[in-house]
Undergrad: 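I'd like to ask some things about the structure below.
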Amino acid sequence: MACENNLVVKQIMDLYNQISNLESLKPSKNVDTLFRQLVSTCLPTDTNIDVTEIHDEKVKDMRSHLIKLCGEAEGYLEQHFSAILGSFEDNPLNHLHIFPYYNNYLKLGKLEFDLLSQHTTHVPTKVAFIGSGPMPLTSIVLAKFHLPNTTFHNFDIDSHANTLASNLVSRDSDLSKRMIFHTTDVLNAKEGLDQYDVVFLAALVGMDKESKVKAIEHLEKHMAPGAVVMLRSAHGLRAFLYPIVDSCDLKGFEVLTIYHPSDDVVNSVVIARKLGGSNGARGSQIGRCVVMPCNCSKVHAILNNRGMEKNLIEEYSAIE
């Protein structure tokens with residue numbers, strides 16, 4: 001059990017204190033250094049720390065605030081680089097490598113595409129990404145490298161973020177036709193959500209448990225039966241950076257896989273299917289939490305694509 005006396009938690013708390021005392025979270029040498037140190041501290045997977053078992057109120061409050069600070073800083077970082085990329089005279093997408101975490105998005109996009117391919121029998125024609133932000137890199141990576149005939153509808157509450165994002169793809173002859181941007185709160189997006197084969201929910205949509213669950217419940221209410229939802233979560237120390245999506249937050253969905261990377265891809269990936277469709281979902285169980293933690297098979301390790309590092313996959317099967 002993690003507590004305030006744990007050495008790693010102490011390191012995280014020290015970095016939190018430095019970050020929370022910054023005058024601004026906008027990109028700068030000091031801000032970038034502190035967040036790089038924070039991420040590297042939280043990356044190790046060979047730890048028995050489970051943040052869901054933390055009972056120290058000081059640590060719990062710190063984690064909650066730190067997640068919000070990380071989200072704010074990530075927003076500023078994306079705005080900064082989206083503006084830089086948009087200033088190029090040629091196609092901004094030719095320069096995506098200048099974004100410091102672009103390689104992580106390449107890995108995450110490949111991971112999510114592979115997981116999606118394992119659980120769908122057809123290539124999605126329309127995908128929604130909720131919380132796309134000023135740099136919709138997931139949509140861009142999937143559209144460019146994995147789903148060349150799919151249309152991506154990107155939703156964000158911030159009109160300025162959508163303006164920056166739209167500018168990134170406006171000079172690309174292909175993506176300018178397949179990337180559509182909507183400025184709206186996800187909770188106001190009702191009609192049309194049933195048109196998407198796959199809906200992605202960004203890690204920064206719902207920065208606490210209550211708001212995350214509220215967004216998931218809204219998607220469950222308006223998505224088409226049998227459609228797939230993909231969510232970003234966190235595992236181990238990485239849950240100090242992003243909120244956790246638990247299987248039982250997904251009432252009305254059949255949880256298919258929860259994948260925990262062990263490399264420098266920070267986010268875990270949760271894939272679930274809305275109940276009531278013809279793809280093996282159990283329509284009689286809509287409204288229930290189909291997958292309780294005790295119903296899942298044991299977590300097992302598999303080799304990743306390089307055949308070297310191990311990653312954790314939780315394969316779920318509901319009790320019939």
Side-chain angles (χ1 to χ4, degrees), residues 1-25 30-77 201-217 231-251 255 258-270 289 291-296 298-299 301 310-314:
M1 181 186 300
C3 66
E4 196 176 343
N5 293 324
N6 182 281
L7 180 60
V8 178
V9 175
K10 277 186 172 181
Q11 293 174 340
I12 294 172
M13 292 189 74
D14 178 62
L15 288 166
Y16 161 76
N17 288 330
Q18 295 181 65
I19 290 170
S20 61
N21 287 321
L22 291 169
E23 292 184 3
S24 171
L25 294 176
N30 193 26
V31 170
D32 297 345
T33 298
L34 286 173
F35 277 101
R36 277 198 301 268
Q37 291 175 348
L38 176 64
V39 171
S40 64
T41 302
C42 294
L43 275 181
T45 56
D46 55 345
T47 174
N48 60 358
I49 292 179
D50 181 354
V51 300
T52 63
E53 297 296 324
I54 294 176
H55 301 297
D56 187 320
E57 291 299 326
K58 185 175 181 180
V59 176
K60 289 168 66 176
D61 290 343
M62 178 273 291
R63 173 179 172 255
S64 178
H65 191 212
L66 182 58
I67 288 173
K68 293 176 181 177
L69 292 174
C70 289
E72 185 179 349
E74 186 172 327
Y76 284 134
L77 184 71
L201 186 67
L204 300 184
V205 176
M207 299 300 288
D208 55 53
K209 175 67 75 173
E210 182 180 357
S211 55
K212 180 76 73 176
V213 169
K214 193 174 182 180
I216 292 170
E217 289 176 343
L231 310 96
R232 308 273 170 79
S233 183
H235 183 66
L237 291 173
R238 302 168 187 220
F240 281 102
L241 306 174
Y242 290 100
I244 295 172
V245 176
D246 184 76
S247 59
C248 278
D249 296 332
L250 286 152
K251 290 182 174 63
V255 178
I258 299 179
Y259 186 99
H260 304 303
S262 62
D263 55 11
D264 56 354
V265 175
V266 177
N267 288 114
S268 298
V269 178
V270 181
C289 176
V291 184
M292 295 296 290
C294 59
N295 291 344
C296 66
K298 292 181 179 179
V299 176
K310 290 185 176 181
N311 303 275
L312 294 178
I313 286 189
E314 301 173 26

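Keep in mind that this is a model prediction, so the values were computed, not measured.
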Undergrad: Should Glu217 and Lys214 count as an ion pair when the cut-off is N to O under 4.0 Å?
TA: no

Undergrad: Can you tell if the side chain of Phe35 reaches within under 4.5 Å of the side chain of Leu241, non-hydrogen atoms only?
TA: no

Undergrad: Taking the side chain as C-beta and beyond, is there a heavy-atom pair between Thr47 and Val8 under 4.5 Å?
TA: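 The answer is no, as the side chains (C-beta and beyond) never meet within the 4.5 Å cut-off.
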
Undergrad: Among Ile49, Val51, Asp50, exactly one meets side-chain contact (heavy atoms from CB on, under 4.5 Å) together with Glu53. Which residue is that?
TA: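 When Ile49, Val51, Asp50 are each tested with Glu53, the side-chain contact (heavy atoms from CB on, under 4.5 Å) holds only for Asp50.
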
Undergrad: Looking at side-chain heavy atoms only, is the closest gap between Ile54 and Arg63 below 4.5 Å?
TA: no

Undergrad: Please confirm whether the backbone N or O of Asp246 pairs with a side-chain atom of Asp249, one donor and one acceptor, at under 3.5 Å?
TA: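 Yes: the side chain of Asp249 pairs with the backbone of Asp246.
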
Undergrad: In terms of heavy-atom contacts, does NZ of Lys209 have more than 12 from other residues, nucleotides or ligands at under 6.0 Å?
TA: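 Atom NZ in Lys209 is crowded, with more than 12 foreign heavy atoms closer than 6.0 Å.
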
Undergrad: Please name the pair of heavy atoms, one in Pro243 and one in Gly206, separated by the smallest distance, quoted to 0.1 Å.
TA: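 Looks like CG-O, 3.8 Å.
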
Undergrad: Fit a plane to each ring of His65 and Tyr16, take the angle between them on a 0 to 90° scale, and name the class: parallel (under 30°), tilted (30 to 60°) or perpendicular (over 60°).
TA: perpendicular

Undergrad: Which residues pass the side chain to side chain donor-acceptor pair (under 3.5 Å) test with Asp32, not counting sequence neighbours?
TA: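 For Asp32, no residue satisfies side chain to side chain donor-acceptor pair (under 3.5 Å) once neighbours in sequence are set aside.
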
Undergrad: Could you check whether any side-chain N or O of Arg238 sits under 3.5 Å from a backbone N or O of Leu43, counting only pairs where one atom can act as donor and the other as acceptor?
TA: yes

Undergrad: What distance separates Tyr242 OH from Leu66 CG, expressed to the nearest 0.5 Å?
TA: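 Here the interatomic distance stands at 11.0 Å.
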
Undergrad: Kindly compute the distance separating OG (Ser40) from CG (Asp264), expressed to the nearest 0.5 Å.
TA: 11.5 Å

Undergrad: Just wondering, do Leu237 and Ile12 contact through their side chains at under 4.5 Å, heavy atoms?
TA: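 Yes, side chains in contact.
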
Undergrad: Measuring from atom OG of Ser268 to atom CD1 of Ile258, what distance do you get when rounded to the nearest 0.5 angstrom?
TA: 8.0 Å

Undergrad: Tell me whether Asn21 contacts the main-chain N or O of Asn17 through its side chain, where contact means a donor paired with an acceptor under 3.5 Å.
TA: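 Indeed, once roles are kept as given, a pair shorter than 3.5 Å links the two residues.
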
Undergrad: Can you see which heavy atom on Val270 is nearest to which on Ser233, and at what distance?
TA: CG2-CB, 3.9 Å

Undergrad: Would you name the heavy atoms of Ala215 and Val205 that are closest together and state the gap between them?
TA: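 Closest pair (atom of Ala215, atom of Val205, distance): CB-CG1, 4.3 Å.
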
Undergrad: Do the side chain of Lys212 and the main chain of Met207 share a donor and acceptor less than 3.5 angstrom apart?
TA: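 No.
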
Undergrad: Could you measure the distance from the CE atom of Met13 to the CZ atom of Phe240? Nearest 0.5 Å is fine.
TA: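 Atom-to-atom, Met13:CE and Phe240:CZ are 9.0 Å apart.
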
Undergrad: Which pair of heavy atoms, one from Val255 and one from Ser247, lies closest together, and at what distance?
TA: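 Looks like CG2-O, 3.8 Å.
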
Undergrad: Atom CG in Leu231, atom CD1 in Ile216: separation rounded to 0.5 Å?
TA: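 With rounding to 0.5 Å, CG (Leu231) is 5.0 Å from CD1 (Ile216).
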
Undergrad: What is the distance from atom CG of Asn30 to atom OG of Ser24, rounded to the nearest 0.5 Å?
TA: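 Between Asn30 CG and Ser24 OG, I get 11.0 Å after rounding to 0.5 Å.
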
Undergrad: Using side-chain contact (heavy atoms from CB on, under 4.5 Å) as the criterion, list what pairs up with Leu15, not counting sequence neighbours.
TA: Gln18, Leu34, Gln37, Leu38, Thr41

